[in-house]
Protein chains: 2
Amino acid sequence: MQLAVDVGENALTERQKDVLDAALALLVEAGDTLTMTSVARRASCSKESLYKWFGDRDGLLTATVQWQASKVRAVPVNPEAFDLASLTAGLQRFASDWLHVLSGTISVALNRVAVGHAGSDKHDLGVIVLENGPFAMARRLKPLLELGRDTGLLHFYETDEAFRTFFGLVVRDVQIRLLLGDRLELTDASIERDSLRATQQFLALYGAQTEAAEGGH
Amino acid sequence: MQLAVDVGENALTERQKDVLDAALALLVEAGDTLTMTSVARRASCSKESLYKWFGDRDGLLTATVQWQASKVRAVPVNPEAFDLASLTAGLQRFASDWLHVLSGTISVALNRVAVGHAGSDKHDLGVIVLENGPFAMARRLKPLLELGRDTGLLHFYETDEAFRTFFGLVVRDVQIRLLLGDRLELTDASIERDSLRATQQFLALYGAQTEAAEGGH
DNA sequence: GCCGTACCGTACCGTACGTTACGGCAGCGG
DNA sequence: CCGCTGCCGTAACGTACGGTACGGTACGGC
């Protein structure tokens with residue numbers, strides 16, 4: 001349950017970052033079938049360097065996942081005047097951001113390899129993606145939820161329950177369908193619409209004020 | 001979008017079914033790293049027979065997935081007297097069944113290999129699992145939802161929207177966390193509790209009668 | 001100018017595994 | 001009893017790929 005990204009050991013040369021970006025691109029294109037040779041060729045570096053820098057294939061994959069994770073850092077929302085409008089806006093923005101990340105080719109590719117490697121792995125990629133995916137989302141969202149509860153705008157007993165419900169309302173079957181290869185067109189407009197719907201549904205379930213919210217559509 | 005399981009070509013010998021069950025067991029144990037040799041040894045059959053029956057490794061995997069899919073057939077719920085109680089019971093039973101399947105080792109293993117193979121595949125396993133997973137769930141649930149709407153118990157415009165919301169409320173982050181290797185204890189009691197919660201939340205959002213449903217906990 | 005370091009490109013090695021081939025055996029129709 | 005068929009067990013083949021070794025080059029310090 002520790003933070004999986006070793007910030008202290010982030011001693012990455014620019015050259016090495018370029019290599020990891022190349023590995024990312026190949027991961028998106030070829031998935032888990034990428035070879036050390038292909039990475040070396042794409043990045044115009046020698047395999048010897050790959051092994052010196054990252055140890056072995058697993059090390060390269062791990063470094064690649066962590067490198068990507070380090071790029072998408074949280075943007076904390078900390079409004080001064082907190083009311084229903086800013087809570088709603090925060091939730092919707094959060095949902096929108098999450099759907100955008102989730103449906104990106106890089107996220108899909110990384111989740112695919114992590115799922116494929118989960119279970120039988122030493123440098124468990126699954127744990128890393130878990131840590132930087134759902135768990136990171138929870139860490140980012142929970143302060144907002146608890147602020148909403150403390151200001152009387154939301155009503156729930158377990159923060160985790162509330163978060164997971166919001167997760168379900170936002171993600172629904174989108175992620176698993178994308179991972180399984182379903183062609184699912186997520187336009188900016190549809191994401192905005194879905195974020196709003198999820199937010200309104202969440203407020204209808206956990207909002208402390210009006211109960212007259214119309215759920216569907 | 002056709003039914004992926006060729007029922008017409010389901011000419012499977014008992015021997016072949018045994019072989020596929022062995023392959024399933026190995027898939028659960030070793031994931032995608034199972035070898036043709038290991039399947040042959042586990043099933044006490046020759047590799048020659050494997051290739052004669054299933055063509056190649058991909059064919060074996062495909063047949064295995066389809067074989068498992070053919071085992072979990074739908075149990076249609078078609079009550080005579082339809083009221084809020086039977087609707088609620090149907091939804092909750094559905095959610096419970098789905099969570100049980102979802103968290104089973106076989107489902108996790110199959111979804112892992114399907115996700116791993118998705119995208120760059122000819123016999124696309126992802127499509128098969130998609131067809132027998134989320135899509136099958138939708139086909140099974142939609143009649144119940146539309147019956148609820150036609151009898152005035154539910155209120156929604158798009159059946160698909162209602163289904164996907166229910167999916168989100170039931171599954172939440174459970175599936176992705178399991179696929180990524182998170183140790184997630186789902187006891188019968190917790191599944192029952194979650195099914196009830198999801199059902200009540202769904203009714204709070206789409207139910208046409210009372211709006212006073214308490215969302216959380 | 002000389003050496004050490006870092007790195008590229010490439011050739012090479014070992015192995016795992018998909019795929020094929022073959023010998024042997026059991027059952028069965030004639 | 002003979003031959004055919006289907007299958008098991010295993011050996012053999014080919015290749016892809018992870019990992020290693022090595023020659024060649026650029027560069028910075030002395």
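Numbers restart at 1 for each chain; the letters A, B, ... are given by sequence-line order, proteins then strands. All values below were derived from every heavy atom in this structure, side-chain atoms included, with hydrogens, water molecules and symmetry-related copies excluded.
Atom C1' of nucleotide dC17(C) and atom CG of L50(B) are separated by 14 Å, given to the nearest angstrom. The OH-P distance, from Y51(A) to dA6(C), rounds to 21 Å in whole Å. For the pair R41(B) CZ and dG18(C) P, the computed distance is 12 Å after rounding to whole Å. The nearest whole Å value for the distance from the CE atom in M36(A) to the P atom in dC8(C) is 13 Å. Here the P atom of nucleotide dC17(D) and the CG atom of D56(A) are 17 Å apart, to the nearest Å. Computed from coordinates, the L60(B) CG to dT19(C) P distance equals 10 Å when rounded to whole Å. Residue R15(A) contributes atom CZ, which lies 14 Å from atom C1' of dA26(D) at whole-angstrom precision. The NZ-P distance, from K52(B) to dT5(D), rounds to 11 Å in whole Å.
The pair R57(A)-D32(A) meets the salt-bridge criterion, since a charged nitrogen lies less than 4.0 angstrom from a carboxylate oxygen. Between R93(A) and D97(A) there is a salt bridge, since a side-chain N of the basic residue sits under 4.0 Å from a carboxylate O of the acidic one. A salt bridge between E158(B) and R164(B) is absent, with no side-chain N of the basic residue lying under 4.0 Å from a carboxylate O of the acidic one.
Considering CZ of R112(A) and CG of L179(B), their distance stands at 12.5 Å, rounded to 0.5 Å.
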Here DNA chain C, pairs taken as Watson-Crick or G-U under 3.5 Å and shown with ( ), [ ] when crossing and | when to another strand, reads ||||||||||||||||||||||||||||||

request  = Could you give me the CA-CA distance, side-chain angles and deciding distance for R197(B) and E192(B), then say whether salt bridge (charged side-chain N to carboxylate O under 4.0 Å, His left out) is met?
outcome  = CA-CA 9 Å; R197(B) 173 200 45 76; E192(B) 230 48 35; over 6 Å; no

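Of the side-chain N and O atoms in W53(B), none sit less than 4.0 angstrom from OP1 or OP2 of dG6(D). Checking the phosphate oxygens (OP1, OP2) of dC8(D), a side-chain nitrogen or oxygen of S49(B) falls inside 4.0 Å. Distances shown here put every side-chain N or O of R57(A) at or beyond 4.0 Å from the OP1 or OP2 atom of dA16(D).
With respect to Q16(B), the side chain to side chain contact (heavy atoms under 4.5 Å, CB included) criterion is satisfied by exactly one of L20(B), L12(B), D18(B): L12(B).
Nearest-nucleotide positions on DNA chain D place A43(B) closer to the 5' end than the other of A43(B) and K47(B). Taking for each of E48(A) and E48(B) the nucleotide of DNA chain C with the nearest heavy atom, the 5'-most of the two is the partner of E48(A). If you find the closest nucleotide of DNA chain C to L34(B) and to A40(A), the one lying nearer the 5' end belongs to A40(A).
N111(B) and S107(B) share a side-chain donor-acceptor pair at under 3.5 Å.
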